[in-house]
Structures are given as structure tokens and as C-alpha cells.
Amino acid sequence: MCLRPGSPPPAPDDTAHVAHLAFPRGNPLLTLRDRLGPVFDDHCFAPLFPSKGQPAEAPWRLALVTLLQFAEGLSDRQAAEAVRSRIDWKYLLGLPLADAGFDSTVLSEFRTRLVTGTAEAVLLDAVLDVAAAHHLLKAGGRQRTDSTHVLTAARVMNRMECVHETLRHALEVLSLAAPNWLLMHTLPHWAETYERRAFDERVPRSAEKRAEWVQRVGADGDTLLAALAAETTSDWLRQLPAIFILRRVWIQQFTICDGRIQWRSERDGIPPAARLISSPYDVDARYACKGNTTWTGYKAHLTETCDTDLPRIITAVQTTAGPIADGDVVAPLHHDLQGKHLLPTQHIVDTGYVSAALLVETQRDFGIDLVGPARADFRWQSQAGKGFAMNDFTIDWDNQQVTCPMGAQSSGWSPAVDNRDTPVIKVKFSTKDCRACAHQVDCAGPNATRRLMTFRTRDAYIALQAARQRQQTPEFISLYNLRAGVEATISQAVRGFGLRRSRYFGHAKTRLQQVAIAAAINLVRLVRWISGNDLAPTRQSHFSRLIRAKTVH
């Protein structure tokens with residue numbers, strides 16, 4: 001299908017007349033079209049379409065419908081039906097009353113084009129451009145970020161279920177792609193064993209029988225992989241995605257011992273969660289744990305403005321696998337905002353986004369003040385409340401010398417790299433000085449003869465200490481209280497827009513969903529703002545208001 005870009009037309013007269021009669025007191029979608037315009041334009045989607053072929057449905061309309069269906073929780077069929085039947089949708093989309101709309105599959109094809117062309121950000125960027133054009137969004141100021149977990153669309157499986165379902169999935173694909181080849185290499189018991197999905201209740205209960213069961217599954221998968229690796233097998237069969245997944249899962253879950261395939265135990269080395277495939281249907285979803293919450297899927301990081309007298313606008317969305325640390329998205333997030341010319345002056349985040357290196361990098365590379373509680377010093381000297389903590393020592397960076405509170409100077413200074421590839425400084429004091437010190441046990445430890453310490457390099461160390469001191473001030477507490485507002489945005493996205501569970505399989509499509517939800521939230525907020533609805537205060541229970549009122553009086 002080809003695209004002939006054009007400007008969005010105004011609503012036809014008959015549609016406008018009926019719409020205003022139907023909604024004499026106004027309607028959010030009518031307000032959106034009248035005050036903010038059509039939002040999208042065909043030209044920003046032109047690279048996604050070929051130059052020849054049957055004319056495509058106007059992508060600016062499909063983009064708006066995509067945001068509306070996330071705003072209202074509609075399926076593709078329901079969204080296509082709304083285009084045909086709802087007058088407010090027709091007004092927004094500039095369609096005549098008699099327009100029959102389009103088939104629901106057009107929406108799926110449009111999303112596929114966005115994902116294939118890595119153009120999902122256009123959905124959010126266009127809304128941000130509209131907000132900026134109406135002076136409701138600007139660079140600088142304050143922004144805040146937080147994350148929430150997103151569940152995969154695939155069924156969550158344990159390791160045994162996963163290997164069984166992976167082999168079953170491969171057999172299903174081969175049954176369609178190469179039925180004759182598969183019949184030649186199928187073992188007699190495969191039909192019964194892999195006919196149905198493996199739920200945990202269908203797996204043998206005793207440990208011994210479970211081990212035998214999973215051993216048989218491993219041997220069956222190994223047999224299939226060996227047949228696929230034979231020289232007489234066509235190369236295209238080996239290139240099927242289901243076979244790639246089968247091979248990866250078998251490498252992760254099984255090992256070869258004495259020429260026989262065996263189920264991996266912790267002793268054999270199970271891959272970490274960041275690499276372990278949890279389902280053959282969503283190979284990007286990962287098992288993750290944060291606090292008391294465990295899930296299989298992804299994380300969504302939402303960043304929004306929080307300036308006074310302006311609406312709260314989501315400016316960026318970062319989608320990661322579940323186990324990825326929050327701090328790993330800070331640099332990509334700032335690069336994203338820099339590309340949009342929306343870098344904040346202050347970025348308010350929680351502890352997960354703060355580290356010594358990030359405090360330095362955000363200020364040096366982007367000129368951003370990263371505001372958030374720094375991690376405390378967890379060395380035993382600091383936690384015990386006796387002896388000397390790291391901040392009790394004086395560091396002479398120029399002369400590479402550390403002086404302890406008792407006046408002794410370090411005898412060694414060595415730059416190094418820790419187990420996380422972070423540049424550090426290792427310092428040691430002489431055994432002679434430490435043994436003569438009355439605080440030797442509390443400072444170095446009962447089994448140590450001298451004090452050894454490891455700390456960050458100069459800029460990172462100074463930034464971390466400054467952050468720890470800053471977070472004790474009333475000004476920081478007042479500023480950091482603004483971060484809590486982003487949790488309301490996450491609550492809105494989860495409860496009102498379906499952010500918590502992915503509709504689709506895979507990282508790319510999950511990101512598309514999250515970007516579309518962010519853009520839809522922005523549209524809803526912009527319409528409410530220009531309609532005169534100010535930010536609502538934080539809700540309080542009747543009991544809380546009663547107690548506060550009594551306290552005041």
C-alpha cells in the first residue's frame with residue numbers, strides 16, 4: 001500500500017452540525033480537534049509506506065485511532081466500530097457521517113509498520129510538538145521519573161514447563177513448514193507427549209519422576225536438533241525462529257555430561273535472569289524481582305514535567321527488560337530528551353536512579369541536577385556507629401594521600417577497577433601505625449592488622465558526599481516531595497490505560513504500547529487543561545480532613 005501525503009481535512013459540515021447538536025455542552029474529542037487540531041500529519045509517517053501500490057488509509061487518522069483505543073481500552077474491532085458509529089470520533093477524524101470506516105486489520109498493519117520502521121516515538125513526539133506549540137511544554141524546569149513493572153502477554157512458566165512448551169512450539173511450526181520432513185524424524189511417543197501444553201499439574205509430582213520426565217524432554221529436543229543439523233536437512237529449516245529459540249533454550253537449560261544430555265542444576269550454572277528465556281512465545285520477557293514484587297516481563301520508565309502552572313506532560317518513555325536496573329536508563333533517557341530539546345534543569349528521581357557516576361555524568365554531559373536520595377554508606381564501620389567511617393578520613397587528592405582521624409597517613413594509593421568495572425581507588429595504611437592505634441579494632445576490624453579502604457575516583461566521590469549532605473537539608477526534602485507525583489501518573493497509566501500488562505509479544509511491540517499510552521495520557525491531560533480543569537489536589541480521606549481541621553482550630 002502506498003501513501004500520498006496530504007493535510008488533514010476539517011470536519012465536514014454535516015458531521016460538525018450533528019456533533020455540536022449532540023454535545024451542546026462540549027465533548028473532549030470535539031475540544032481536542034477545535035483547540036489542538038488533528039495532532040498528526042501524513043508526512044511524518046511517509047517513510048513507512050512504499051511509493052507505489054494501492055492507496056493506504058490516512059496514517060494521521062490511524063495514529064489518532066491508536067491513541068483513542070488505548071485511552072478507552074478498546075480492541076481493534078471495537079476501535080474500528082467506534083470510527084463507524086460514534087459522532088465524536090468522526091468529528092475528530094474529519095469523516096462524513098456516511099463514512100463506513102475501515103477494517104480492523106488496518107490498525108494491526110499500521111502498528112506493524114511503526115514497529116518495523118522503529119517509528120513508535122512519532123506517536124509521542126507529535127503530541128509533544130502540539131503541547132510546545134501551545135506553550136504548555138518547554139525545555140528546562142523540572143522533570144521526574146519512576147518505573148513500574150509490566151507483565152508479559154505470554155503465560156508465565158517454570159523451567160520445566162518452558163522446555164516442554166518450547167519443544168512443542170517447534171514441533172507445531174515444523175508441522176506447518178515441513179510436514180513431510182517432520183514425519184520422517186518423529187519418534188512414536190511424541191504425538192501423545194507434545195499434543196497438549198505442559199502445566200505444572202500435568203508434570204509428575206515426585207522429584208524422581210520429574211527428573212525422569214524432564215530428562216526425556218531434553219533427549220527428545222536433542223534428537224530433533226540433531227536431525228536439523230544433519231547435512232541432508234535444508235538450511236531454511238534451521239533458520240526458522242522457532243528452531244533458534246529451541247536451540248537457545250536447550251543450551252540454557254541442559255548440559256552435556258559423559259555424552260548424555262542432562263538437566264542443569266545450580267551447580268552446573270543456570271544463566272542469570274537477564275539472559276534466561278522464560279517463554280518461547282516472548283523471548284524478550286525476563287523474570288525480575290524488585291522488593292517483594294516478582295514478575296516476568298518488562299519495565300516501563302515514565303518521565304514527566306512537574307513545573308508550576310503547567311500541565312503534567314509525559315516527555316519520554318523507556319522500555320527495558322524486567323531485571324535491568326533503573327540507573328541504566330538514565331543516560332539513554334537524557335539523550336532522548338536532548339534530541340527533543342526538552343532537557344530539564346532538575347531531574348527528580350528515587351534512589352534506584354542515583355549513583356556516584358550518574359551524579360557526575362548528568363551534570364557534566366547534560367548540565368542536569370540529578371535530585372534523589374543517594375545510597376547510604378553500608379560499610380560496617382558506618383553502620384556500627386563506632387570506629388571511623390569513610391567520611392571521617394581526609395583525602396588529599398592532589399598528593400594521593402589519606403589522613404585518618406588520629407593523624408596517621410596512608411602508605412599506599414592504587415587506582416583499580418572493581419568487580420562492576422567501576423574505577424576506584426584502593427588505599428592502605430601501614431601495619432605499624434594501625435597496631436599502635438587505640439581504635440584499631442573498631443576501625444580496621446578484629447581480625448585485621450591495618451585499615452584498608454576502597455572508594456570512588458575524585459569527581460564521583462565528591463559528588464556522592466555532596467549528595468549525602470544535601471539530602472539532609474529541608475530544601476532537599478521539599479524538592480524531593482515533588483517526585484511522589486509521578487506515582488499518580490503511573491497509577492493513571494496502569495488503572496486507566498492498561499499499562500501493567502502488555503497486549504503484545506516482544507520488546508518492540510511492548511514499547512509501542514507504552515509510547516501510545518503515554519501519548520494518549522498527554523492528549524487527555526492537554527484537553528482537560530485547555531478546558532479549564534486545573535490540577536486536582538491530592539485526595540484525602542474524610543477522617544484525615546476532620547483531624548487536620550481539628551488540629552488547625
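Note that the coordinates shown come from a computational prediction; the quantities given were computed from them, not determined experimentally.
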Handout entry: Nearest heavy atoms of Arg451 and Cys443, plus distance in Å
Key = NH1-SG, 3.0 Å
Completion exercise
In this structure, CG of Leu151 is separated from OG1 of Thr296 (nearest 0.5 Å) by 8.5 Å
Problem - Check: Ala389 main-chain N/O paired with Arg379 side-chain donor or acceptor under 3.5 Å - result: no
Fill in the blank from the handout: Heavy atoms of Arg375 and Val354 approach each other most closely as NH1-O, 2.8 Å
Exercise for the section: Decide if atom CZ of Arg528 counts as having more than 12 heavy atoms of other residues, nucleotides or ligands within a radius under 6.0 Å. Expected result: no
Practice task
Taking the side chain as every heavy atom from C-beta outward, state whether Thr319 and His507 have any pair of such atoms under 4.5 Å apart.
Solution key: yes
Practice task
Would you indicate whether the side-chain heavy atoms of Leu67 and Phe40 approach each other to under 4.5 Å?
Solution key: yes
Practice task
Report yes if the side chains of Arg142 and Pro344 come closer than 4.5 Å at any heavy-atom pair, otherwise no.
Solution key: no
Handout entry: Heavy-atom check, side chain of Leu370 versus side chain of Tyr353, under 4.5 Å
Key = no
Handout entry: Arg545 atom CZ: more than 12 heavy-atom contacts under 6.0 Å
Key = yes
Exercise for the section: Report yes or no: does Gln252 contribute a side-chain atom to a donor-acceptor pair with the main-chain N or O of Arg275 at less than 3.5 Å? Expected result: yes
Practice task
Would you mind listing every side chain to side chain donor-acceptor pair (under 3.5 Å) that reaches into residues 359-369, with sequence neighbours excluded?
Solution key: Gln346-Asp369, Asp369-Arg470
Practice task
Please check if the side chain of Asp396 supplies one atom and the backbone of Gln400 the other of a donor-acceptor pair under 3.5 Å.
Solution key: no
Practice task
Return yes if a side-chain donor-acceptor contact under 3.5 Å exists between Arg312 and Thr489, otherwise no.
Solution key: no
Exercise for the section: May I ask you to check whether Thr31 and Arg35 show a side-chain donor-acceptor distance below 3.5 Å? Expected result: no
Exercise for the section: Taking the six-membered ring of Trp263 (Phe, Tyr or Trp), confirm whether the NZ or CZ of Arg159 is under 6.0 Å from its centre and within 45° of its axis. Expected result: yes
Practice task
Quick one: do Glu161 and Arg155 satisfy salt bridge (Lys or Arg N to Asp or Glu O under 4.0 Å)? Show the steps, please.
Solution key: CA-CA 10 Å; Glu161 292 173 317; Arg155 178 172 67 92; 3.7 Å; yes
Handout entry: Flag side-chain contact, heavy atom, 4.5 Å: Ile313 against Glu304
Key = no
Exercise for the section: Might you point out which heavy atoms bring Phe429 and Ala408 nearest each other, and give the distance in Å? Expected result: CE2-O, 3.4 Å
Handout entry: Donor-acceptor pair, side chain of Gln440 and main chain of Ala448, under 3.5 angstrom
Key = yes
Handout entry: Under 3.5 Å: donor-acceptor pair, side chain of Thr457, backbone of Ala460
Key = no
Exercise for the section: Decide whether Ser502 and Thr510 meet the rule of one side-chain donor and one side-chain acceptor closer than 3.5 Å. Expected result: yes
Handout entry: Side-chain heavy atoms of Ser75 within contact of Arg503, under 4.5 Å
Key = no
Practice task
Run the ring-centre check on Tyr461 versus Phe455 and record whether the distance is less than 6.0 Å.
Solution key: yes
Handout entry: Leu333 CG to Asp328 CG distance, which is reported to the nearest 0.5 Å
Key = 12.5 Å
Practice task
I would like to know whether Lys509 and Asp282 meet salt bridge (Lys or Arg N to Asp or Glu O under 4.0 Å); could you show each step before the answer?
Solution key: CA-CA 11 Å; Lys509 292 182 179 180; Asp282 190 349; over 6 Å; no
Practice task
Kindly check if the number of other-residue, nucleotide or ligand heavy atoms within 6.0 Å of CE (Met390) is above 12?
Solution key: yes
Problem - Which atom of Asp307 lies closest to which atom of Gly141, heavy atoms considered - result: OD1-CA, 3.5 Å
Exercise for the section: Take Tyr480 and Gln471 through the side chain to side chain donor-acceptor pair (under 3.5 Å) test and state the conclusion after the steps. Expected result: CA-CA 9 Å; Tyr480 184 67; Gln471 67 195 42; over 6 Å; no
Handout entry: Lys138 NZ to Thr305 OG1 distance, which is reported to the nearest 0.5 Å
Key = 10.0 Å
Handout entry: Residue pair Phe45 / Leu114, side-chain heavy-atom distance below 4.5 Å
Key = yes
Practice task
Without swapping roles, check the side chain of Lys340 against the backbone of Thr315 for a donor-acceptor pair under 3.5 Å.
Solution key: yes
Handout entry: Backbone N/O of Cys434 and side chain of His439: donor-acceptor pair under 3.5 Å
Key = no
Practice task
Taking the side chain as every heavy atom from C-beta outward, state whether Arg435 and Thr449 have any atom pair closer than 4.5 Å.
Solution key: yes
Exercise for the section: Using atom types as modelled and distance alone, determine if a side-chain donor or acceptor of Arg33 lies under 3.5 Å from a backbone N or O of Leu92. Expected result: yes
Practice task
Measure across Thr454 and Lys426 and return the closest heavy-atom pair with its distance rounded to 0.1 Å.
Solution key: OG1-NZ, 3.5 Å
Problem - Trace of the side-chain contact (heavy atoms from CB on, under 4.5 Å) decision for Val371 with Val349 - result: CA-CA 6 Å; Val371 181; Val349 295; over 6 Å; no
Exercise for the section: Starting at CG of Leu526, measure out to CG of Leu32 and round the result to the nearest 0.5 Å. Expected result: 8.5 Å
Exercise for the section: Check step by step if side-chain contact (heavy atoms from CB on, under 4.5 Å) holds for Gln514 and Leu499. Expected result: CA-CA 7 Å; Gln514 294 176 6; Leu499 180 68; 3.7 Å; yes
Exercise for the section: For Gln69 and Leu74, indicate whether the former's side chain and the latter's backbone hold a donor-acceptor pair under 3.5 Å. Expected result: yes
Problem - Where Ile530 and Val527 come nearest, the two heavy atoms and their spacing - result: CG1-O, 3.4 Å
Problem - Pair Ser265, Asp268: side-chain N/O donor-acceptor within cut-off below 3.5 Å - result: yes
Handout entry: Backbone of Ile462 reached by a side-chain donor or acceptor of Arg456 within 3.5 Å
Key = no
Exercise for the section: May I have the step-by-step check of side-chain contact (heavy atoms from CB on, under 4.5 Å) for Asp326 and Lys299, ending in yes or no? Expected result: CA-CA 9 Å; Asp326 290 347; Lys299 271 186 187 177; 3.0 Å; yes
Exercise for the section: Could you check Gln492 against Arg525 for side chain to side chain donor-acceptor pair (under 3.5 Å), going step by step and ending with a plain yes or no? Expected result: CA-CA 11 Å; Gln492 181 184 17; Arg525 291 181 171 184; 2.9 Å; yes
Problem - Test log, rule side-chain contact (heavy atoms from CB on, under 4.5 Å), inputs Phe497 and Glu72 - result: CA-CA 7 Å; Phe497 294 78; Glu72 300 188 17; over 6 Å; no
Problem - Residue from Ile314, Leu123, Leu136 passing side-chain contact (heavy atoms from CB on, under 4.5 Å) with Asn522 - result: Ile314
Practice task
Using the six-membered ring of Tyr298, assess whether NZ or CZ of Arg511 lies under 6.0 Å from its centre and within 45 degrees of the ring axis.
Solution key: no
Problem - Distance-only side-chain donor-acceptor flag, Thr303 / Thr145, under 3.5 Å - result: yes
Exercise for the section: Check the pair Asp398, Arg458 against salt bridge (Lys or Arg N to Asp or Glu O under 4.0 Å), reporting the backbone distance first and the verdict last. Expected result: CA-CA 10 Å; Asp398 295 328; Arg458 183 172 189 167; 3.0 Å; yes
Fill in the blank from the handout: Test side-chain contact (heavy atoms from CB on, under 4.5 Å), reference Tyr287, set Val156, Thr152, Thr294, Leu276, output is Thr294
Practice task
Take atom NZ of Lys290 as the centre, draw a 6.0 Å sphere, and report whether it contains more than 12 heavy atoms from other residues, nucleotides or ligands.
Solution key: yes
Problem - Phe366 and His335 aromatic centres sub-6.0 Å - result: yes
